[in-house]
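Read the structure below first, then the notes.
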Amino acid sequence: MPVTQAIYDVVVGAAGNQTTLTAGEAALSASSTMYVKAETYSEGGTVTFSENNVEIYMEPGTVVDDAITLSGDGVYLHLGVGCDIQGTITVSGDGCSLICQNGVDLDAITVTGAGCRLDGGGLDTLLSSALTITSTDGMYTNFKIVNASGTAVSIGVGGARSNFINSSFTSTNTRAFFNNSGNSAVDILLIGCNILDATFDGISNSAPRARIIGNYSVSAGRWGIHFSGTADDSIVYGNVVEDATTATLILDTGASDIVAVGNRLDGAVSDSGTSNTIALNDETAF
Amino acid sequence: MALFDVIVDSSGGGDVTTIDAGLAASGSVLVKSGTYTEATITLDQNNTFLKVEPGTTLQMDTGGFVWSANECQVEFGPGCTVDNAAAAVSLAITISGTDNHLQFKNNCVVGNISVTSAGDRFTLDGGGWNTVIESIDCDGDDSIIQYSAWDSKANATITLEAIDLAGNRGQVKYNKIIDSDSYGLYATGGSDHLLLGNIVLDSDLNGLFSNAPRTRFIGNFATPATNTDGLALAGNADDSIVVANYTVASGIGNGIDLVAAANNCVVVANRTSSISDASATSTVQFNDLGTASCTVTGTAQSGSITEADVVAGGKTLILTLTASSWRNQAAGTLATAFQALLTGDEGGGQAWEDHKATILASGTVVRTSATVMTITYAAAGSYDIASNDTITLAALDETVLESETSITANDTSYLITFVP
């Protein structure tokens, strides 16, 4: 017996006890484990993991042609280096995890479950489409997005307290990082990220109390960092904004009590808001 | 060939049926999913790797999970529960070994954790904010605590801060404190801590607190309960840095509070409700306190008072600030400042001006909190007016405010009526 079958409840692969992901999922029960051998899986439809608290390990180099949905709570999906998931991953269960080793290829990810975690394992884990978030308390770290057909990171209504750490976002079509929730997705954190070559805005935020700290935004086609009129009480500290075509840091009418201090900017701050604290920024052209 | 040296299965399918038995020797141990009710689980073999399958419940009822070994890793799959049911012993996990790693894979529920002063270089990773831990009391050096949610409960046997740091160089990053029955994040000792990107939604005492030198608060968020500080630096927190935090207090409390001995701190670029800086040596600049205002209430404001009221004393003016804070000063200094700010006009007479040193004597002006100033007129027996005396409150300035930006109160005129 292969050693994996002594450890895992379900092993998927030609030599496993299930040959397809769909069959493997059907064999899973709550609180069980699955091991997926490195093969190419063409399931003909979305693979949905609906049981709560299951762990799924995909071997390095596994290819899945289809979409994957994590709908159970606490589903933990681990992708080995070189895995390639060619359909959208939808995370609708609460407390789910998508943990990658560096060098995984992903398409789009949609997160609607609360308290989920995405860790790319490094900036060679690449999403080629959008990360879309409409749920609270997510943690998104160590991955890269290059989206040629839309926004790289899109936060909608319900995305409060989302955290983005040590990642890289590019949109060759529109905005790289876009909190478009109005005043809904409050209290987000964007820290230590690279915002590269957005054709429109690098960072655009509409919700109150965002913390934008220590990021690098370069070559935005319009605005480097943008706060709309509902983004009150946000903090912009320690960021570098280079080569923003229209404005380096822009605060819209109605934006109030924003702190923009200690940034290296490629031009003057455009402040149409009220009672914002703007100080100690270096605005000399690069 | 086996991947694990020992398989623990409570249903009898493994090598042993209890986790405590499975940890008798070092090596790798797999715990199959199930419920394990054991008096005490002892991890005293160095270089152990313990992997617990998802949905497993560890319910100790005497000593908890006692971990004295060094260089071990313990992983709990999603949906695990780790608790100690003993009424007199509330610690679920006690760690005294060095160089250990405790990993949860999100969606877990965990009781209280204690890391003793011997437990240096400990790492805890909750795996995401759906792992909820009651509290950690971490006394070892060089600890990392990250990616966890916390909800501390009142308990008579242990400290109740959600996260309590007492060793040196602790790093607390990207945690969410749902609620704490005490402080939210409490750096009570040691030095050189980094508190980065944490969020405190509710705490009965200060949301973020340090009494440790050279603490770095960066990018945190705190909205504690009423009448506590959002972020407080105590007397030993010299040379600390507070940048890019959002901290709001309500009632009697400050957004950021530096006590008298918290010297040479840097407080810059924060969005906060108020700042109280009693250190006199710290750099406090470019923080946004919101749109400042002052509302006046009290018995001397609500309607006209008479000459007899001033003679008797006891009438009050209560000045409440929004988005600003009162400078913390000695009673005599405060009284002198308000004698200059409150001026009288008796229609040519000088009664108020002649008596205000008595009416506003030292002790009559009390800084009730960072945002509330209470003025209680002292009795002025010889106050005697021949016509109405109009008292005017000038714009509040840096003689009484922490800020250099002056504030005009919503009501600046108070009448003392002449009664023949």
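Convention: sequence-line order gives letters A, B, ...; per-chain numbering from 1. Atoms considered below: every heavy atom in the structure, side chains included; atoms not considered: hydrogens, waters and symmetry mates.
- Using a 4.5 Å cut-off between heavy atoms, A:T136 does not touch chain B at all.
- A cation-pi arrangement is found for A:R117 relative to B:Y147, the charged atom lying closer than 6.0 Å to the ring centre and inside a 45° cone about the ring normal.
- Of the possible donor and acceptor atoms, none in the side chain of B:S203 sits under 3.5 Å from a partner among the backbone N and O of B:S180.
- Heavy atoms of A:I99 lying under 4.5 Å from chain B are absent altogether.
- If you look at B:F104 and A:Y76, their ring centroids are not closer than 6.0 Å.
- By number of non-hydrogen pairs under 4.5 angstrom with chain B, the leading residue of A:T274, A:D233, A:V261 is A:D233.
- Of all the heavy atoms in B:E38 and B:I19, the pair that sits closest is OE2-N, 2.6 Å.
- In this structure, chain B has heavy atoms under 4.5 Å from both the backbone and the side chain of A:D137.
- With a 4.5 angstrom heavy-atom cutoff, A:V236 does not touch chain B via any of its atoms.
- Under the 30°/60° scheme for interplanar angles, the aromatic rings of A:F177 and A:F164 are found to stand perpendicular.
- In terms of heavy-atom pairs under 4.5 angstrom with chain B, the leader among A:I165, A:L280, A:L189, A:D119 is A:I165.
- For B:K105, the parts lying under 4.5 angstrom from a heavy atom of chain A are both the backbone and the side chain.
- Heavy atoms closer than 4.5 Å to chain B are found in the side chain of A:T33, but not in its backbone.
- Put simply, the side chain of B:N130 never gets that close to the backbone of B:G128: no donor and acceptor are under 3.5 Å apart.
- Residue with the most contacts toward chain A among B:C108, B:A149, B:C80, B:G197: B:G197 (heavy-atom pairs, distance under 4.5 Å).
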Derivation of the side-chain hydrogen bond (donor to acceptor under 3.5 Å, both in side chains) call for B:N270 and B:N287: CA-CA 5 Å; B:N270 301 283; B:N287 301 287; 3.0 Å; yes
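- Of the listed residues (B:A269, B:G79, B:G34, B:P54), the greatest number of heavy-atom pairs within a distance under 4.5 Å of chain A belongs to B:P54.
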